[in-house]
S.K.: 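What follows is a structure written as structure tokens; I'll ask about it next.
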Amino acid sequence: QVQLVESGGGLVQAGGSLRLSCTASGRIEGAYAMGWFRQAPGKEREFVAAISWNGGTTYYADSVKARFTISRTNARNTVYLYLQMNSLKPEDTAVYYCAARLYSTASIQSHEYYYWGQGTQVTVSS
């Protein structure tokens, strides 16, 4: 079993920054690709960013490119995933989820992720 726990969400003014963290522990393999997704009230969950098992490949949604950066650190039985969010906009307000898939290659498709965290709320005020 794998557990994902997000942290770092909060309330920030437009133009500000936040850094989300996700700790993946349990029977986690460093070879798992991981990603960040978000869901705003009344909207479907959407892709934000993804990273391959070794960080060599990253993908970003067009809406966050050049503002968000995904990164990771692999340790024994633990993976630390990060999302640095800069120049935040009110439309970035959502619950942010980290996810892990059972393959090493990154994906932008939410249905290809097997493990999910509980989410952390990010609210950007105008």
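The structure displayed is predicted, hence computed values, not measured ones.
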S.K.: Roughly how far, to the nearest 0.5 Å, is the CZ atom of R72 from the CG atom of N54?
M.R.: 8.0 Å
S.K.: Does any part of the side chain of Y32, heavy atoms only, come nearer than 4.5 Å to the side chain of Y114, both counted from C-beta?
M.R.: no
S.K.: Could you check whether any side-chain heavy atom of S17 comes within less than 4.5 Å of a side-chain heavy atom of N86, counting everything from C-beta outward?
M.R.: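 S17 vs N86: side chains touch.
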S.K.: Spell out, as yes or no, whether a donor-acceptor pair under 3.5 Å connects the side chain of Y113 to the backbone of A33.
M.R.: no
S.K.: May I ask you to test the Y80-S21 pair for a side-chain heavy-atom distance under 4.5 Å?
M.R.: no
S.K.: Please examine the side chains of L81 and W36, heavy atoms only from C-beta on, and report whether any two atoms are closer than 4.5 Å.
M.R.: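 SC-SC contact between W36 and L81 confirmed.
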S.K.: Of all heavy-atom pairs between F47 and S107, which one has the smallest distance, and what is that distance?
M.R.: CE1-O, 4.0 Å
S.K.: According to the interplanar angle, ranging from 0 to 90°, do the rings of F68 and Y96 count as parallel (below 30°), tilted (30 to 60°) or perpendicular (above 60°)?
M.R.: tilted
S.K.: Are side-chain heavy atoms of T73 and Y82 found at a separation under 4.5 Å?
M.R.: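 Of all side-chain heavy-atom pairs linking Y82 with T73, at least one is under 4.5 Å.
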S.K.: If you round to the nearest 0.5 Å, how far is CD of Q121 from CG of L11?
M.R.: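 One gets 9.5 Å once the value is rounded to the nearest 0.5 Å.
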S.K.: With a 4.5 Å cut-off on side-chain heavy-atom distances among I, L, V, M, F, W and Y, is there a chain of contacts connecting W53 to W116?
M.R.: no
S.K.: List the atom of C22, the atom of L4, and the distance in Å for their closest heavy-atom pair.
M.R.: SG-CB, 4.1 Å
S.K.: Could you tell me which non-hydrogen atom of M85 sits nearest to which non-hydrogen atom of V122, and how far apart they are?
M.R.: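 Reported closest heavy-atom pair: CE-CG2, 3.9 Å.
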S.K.: Should F37 and V79 be counted in the same cluster of Ile, Leu, Val, Met, Phe, Trp and Tyr side chains packed under 4.5 Å apart?
M.R.: no
S.K.: Please tell me if the side chains of V64 and R38 come closer than 4.5 Å, counting only heavy atoms from C-beta onward.
M.R.: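 In contact.
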S.K.: Take atom CD of Q118 as the centre, draw a 6.0 Å sphere, and report whether it contains more than 12 heavy atoms from other residues, nucleotides or ligands.
M.R.: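 For Q118, atom CD is not crowded (no more than 12 foreign heavy atoms under 6.0 Å).
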S.K.: Should we count OH of Y103 as having more than 12 external heavy atoms under 6.0 Å?
M.R.: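 Not buried by this count: 12 neighbours or fewer within 6.0 Å.
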S.K.: Identify the heavy atoms of T78 and S25 that sit nearest to each other, and give their distance.
M.R.: OG1-CB, 4.5 Å
S.K.: With a 4.5 Å cut-off on side-chain heavy-atom distances among I, L, V, M, F, W and Y, is there a chain of contacts connecting M34 to V95?
M.R.: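 Different clusters.
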S.K.: Could you pull out the closest heavy-atom pair between A49 and L83, with the gap in Å?
M.R.: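 Heavy-atom minimum between the residues: CB-CD1, 4.2 Å.
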S.K.: Write down the atom of V124, the atom of K89, and the distance for their closest heavy-atom approach.
M.R.: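 Here V124 and K89 meet closest at CB-O, 3.3 Å.
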S.K.: Calculate, to the nearest 0.5 Å, the distance between atoms CD and OG belonging to E91 and S126 respectively.
M.R.: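 Taking CD in E91 and OG in S126, the distance rounds to 10.0 Å.
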S.K.: What distance do Q84 atom CD and I70 atom CD1 have between them, rounded to the nearest 0.5 Å?
M.R.: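 Spacing of CD (Q84) from CD1 (I70) equals 12.5 Å.
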S.K.: Are any non-hydrogen side-chain atoms of R67 and D92 less than 4.5 angstrom apart?
M.R.: yes
S.K.: Tell me, do L88 and Q13 make a side-chain contact under 4.5 Å, heavy atoms counted?
M.R.: no
